[in-house]
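Heads up, the thing below is written out as structure tokens.
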Amino acid sequence: MSEASLPKASVSEAPAQKRSKVEALKERSNFLREPVASEILEDTNFFSDDGTQILKFHGSYQQDDRDTRKSRTAAGLERDFQFMIRTRNPGGFVPPELYLALDELSETYGNHTLRVTTRQGFQLHGVLKANLKTVMGAIIRNLGSTLGACGDLNRNVMAPPAPFTDQPEYVYAREYADQIADLLRPQTEAYYEIWLDGEKAISVEESPEVAEARQRNGNHTIFHDSSEPIYGTYYMPRKFKCAVTVPGDNSVDLLTQDLSLVVITDAEGRLQGFNLFAGGGMGRTHNKEETFPRVADAIGYVPKELVYDAVKAIVAVQRDYGDRFNRRHARLKYLLHDWGVERFVAEVERYLGHKLRKPKRLRKFEHRDYLGWHEQGDGNLFLGLSIENGRVQDSEAQQLKSALRQIVKHYHLPMRLTAQQNLVFYEIAPSDREGIQALLDAHGVLSVDQIDPLVRHSMACPAMPTCGLAVTESERALPAINQRIRALLNQVGLQGEYFSIRMTGCPNGCARPYMAELGFVGTATDQYQLWVGGSPNSTRLAERFIERLPVSELEAQLEPLLVQYKQQRQGKGKRRESFGDFCARVGVESLREFAAAYRVVPPVSE
Ligand code: SF4
């Protein structure tokens with residue numbers, strides 16, 4: 001297929017509109033080269049708007065210090081520009097040499113912290129433009145990559161972080177996360193030209209099976225005449241997110257992805273194929289009801305022989321029919337919403353040249369975070385460590401960053417980052433357990449049973465002061481809010497109770513707040529929309545409950561909700577209804593009615 005013969009469904013459906021500006025930038029970029037290649041050589045502290053857009057495809061966002069923006073502007077100074085660099089780690093895999101490199105880079109060129117993302121990568125913040133090439137080059141030379149961690153293409157492919165070796169479905173999930181990441185990796189040489197002066201890194205070697213699958217044409221899934229056979233000149237209409245998991249394991253938030261694959265094995269553990277889910281996505285815009293979070297639909301089953309072709313067919317349908325006029329309507333979820341599953345599947349089958357089969361029955365998904373010590377199945381151990389909001393740093397109370405550095409240096413352990421912003425060390429010899437635990441204890445790193453479960457099951461996006469889209473605090477606000485919610489739970493007689501809490505500083509939803517049992521979505525300075533009713537296993541969308549909750553009114557607004565839950569929840573002991581399930585069962589109208597009639601009972605004086 002040549003690009004000139006691209007289906008123009010989007011064009012004919014919206015003839016009066018113009019393609020979004022980013023589409024023209026992609027076209028002019030010469031496969032992601034310009035203007036980044038020229039502007040990186042300029043003696044400035046920032047990229048142009050066009051350069052900033054293309055830089056995203058290379059895995060970096062231009063940001064500025066939001067804390068000083070106003071005062072600098074008032075003083076007539078340039079903004080304090082700095083860059084966030086995001087790594088791409090399929091299945092969250094970080095080899096020890098990469099971790100040590102990132103740790104050192106964050107000290108030398110960054111803000112002395114690393115941040116685990118909700119898609120199993122690391123972010124490095126605070127890098128100056130003058131150091132960008134040094135940092136990117138060092139990451140690539142140390143077995144890492146940032147290519148495609150941001151931008152309109154396939155992002156980091158997720159997989160359960162559990163390093164089980166004796167459960168074949170987990171081994172397949174990790175393997176196929178790697179293969180799909182390779183299959184959909186951009187083929188442009190621009191990345192290595194710009195950051196490594198053309199030198200190709202070792203980490204780009206891939207299996208011949210994947211290389212062959214990329215070039216294989218289904219019915220128009222590739223462009224024969226393009227240096228990007230799968231993406232073409234225009235890449236994807238927007239970001240595209242994939243995950244691979246196993247039946248029952250929802251550690252990857254599978255319904256929030258554009259495409260999720262669930263490994264299906266036979267009774268002997270041999271790989272048979274994959275169930276496919278498509279059309280999930282979190283981002284929305286306040287006051288634009290045509291934008292919304294959506295959970296993915298089960299669209300079928302594909303035998304293992306066809307899996308790469310099926311992935312390419314789904315990508316090609318979104319590439320060719322996704323909205324390239326309105327970026328707010330460009331994710332695959334809107335195509336699924338507008339077309340319905342039947343039309344979408346028919347189009348995928350047309351590209352694939354085969355029918356998708358009925359999805360296989362799956363057992364119920366559970367949320368798993370793999371914290372604490374576990375056996376990995378071959379005599380070795382793994383250890384999941386909770387990292388509050390993913391921020392790896394040293395503080396007075398806990399020297400987490402120093403502890404991790406020493407563990408990796410001394411024991412040379414690989415790690416897998418988790419979708420809950422935590423990390424898992426693995427390949428630990430049982431004889432090393434005591435030493436590692438002693439090292440963690442000496443640095444004040446809390447073990448899983450020392451952490452409030454509210455904190456364990458909460459996460460926040462970075463927001464202020466680094467994210468340019470933040471309208472309010474998130475990571476810096478959540479610890480105090482968790483403490484206040486714990487105090488309120490104790491006050492209303494719900495000691496020990498916990499639920500999932502997720503917070504973002506804007507409606508884009510990077511920390512997936514719309515799946516939480518209690519979700520905070522920033523609307524203005526110190527104000528949040530409140531979402532309730534997500535399920536503990538993160539398979540149900542929450543509902544909007546309060547439009548604007550000033551942080552100062554947190555207790556007043558949450559108290560009736562928690563009291564109603566205490567009074568009306570069903571079940572006992574282990575079968576007791578969770579907070580999210582309760583809110584979903586009674587519905588937001590009932591919650592609002594109860595809150596309206598609720599009167600705080602004043603404490604009885606002696
Ligand atoms: Fe930034 Fe919004 Fe994402 Fe938070 S959710 S990191 S504020 S874009």
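Any value given below was found using the heavy atoms of this structure, including those in side chains, with hydrogens, waters and symmetry copies removed. Whatever order the structure lists ligands and atoms in, that order sets their numbers, starting from 1.
- Using a 30° and 60° split on the angle between ring planes, Phe277 and Phe365 fall in the perpendicular class, above 60°.
- In this structure, the side chain of Arg79 does not engage the main chain of Arg72 through any donor-acceptor pair within 3.5 Å.
- Less than 4.0 angstrom separates some heavy atom of Gly505 from each of these atoms of ligand 1: 4 (Fe), 7 (S).
- For the 3.5 Å distance criterion, the side chains of Glu517 and Ser578 qualify, holding a donor opposite an acceptor.
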Give the intermediate values and the outcome of side-chain contact (heavy atoms from CB on, under 4.5 Å) for residues Cys150 and Phe57. CA-CA 5 Å; Cys150 322; Phe57 290 75; over 6 Å; no
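- The aromatic rings of Tyr235 and Phe31 sit perpendicular, their planes meeting at an angle over 60°, well past the 30° parallel limit.
- Ring geometry for Phe582 versus Tyr565: interplanar angle of 30 to 60°, hence tilted.
- Close contacts of ligand 1 with Pro462, meaning ligand atoms under 4.0 Å from a residue heavy atom, involve 6 (S).
- The distance from ligand 1 to the heavy atoms of Ala470 drops below 4.0 Å at these ligand atoms: 7 (S).
- Close contacts of ligand 1 with Thr504, meaning ligand atoms under 4.0 Å from a residue heavy atom, involve 5 (S).
- Here Cys467 fails the criterion, with no N, O or S atom under 2.8 Å of atom 4 (Fe) of ligand 1.
- Nearest non-hydrogen protein atom to atom 3 (Fe) of ligand 1 is Cys510 SG, 2.3 Å.
- Residues Phe520 and Trp531 place their aromatic rings such that the two centres sit no closer than 6.0 Å.
- For atom 4 (Fe) of ligand 1, the closest heavy atom belonging to the protein is Cys461 SG, 2.3 Å.
- In terms of protein heavy-atom proximity, atom 2 (Fe) of ligand 1 is closest to Cys506 SG, 2.3 Å.
- Atoms of ligand 1 lying under 4.0 Å from at least one heavy atom of Asn508, given by number and element, are 2 (Fe), 8 (S).
- Within ligand 1, the atoms closer than 4.0 Å to a non-hydrogen atom of Gly509 are 5 (S), numbered from 1 in the order shown.
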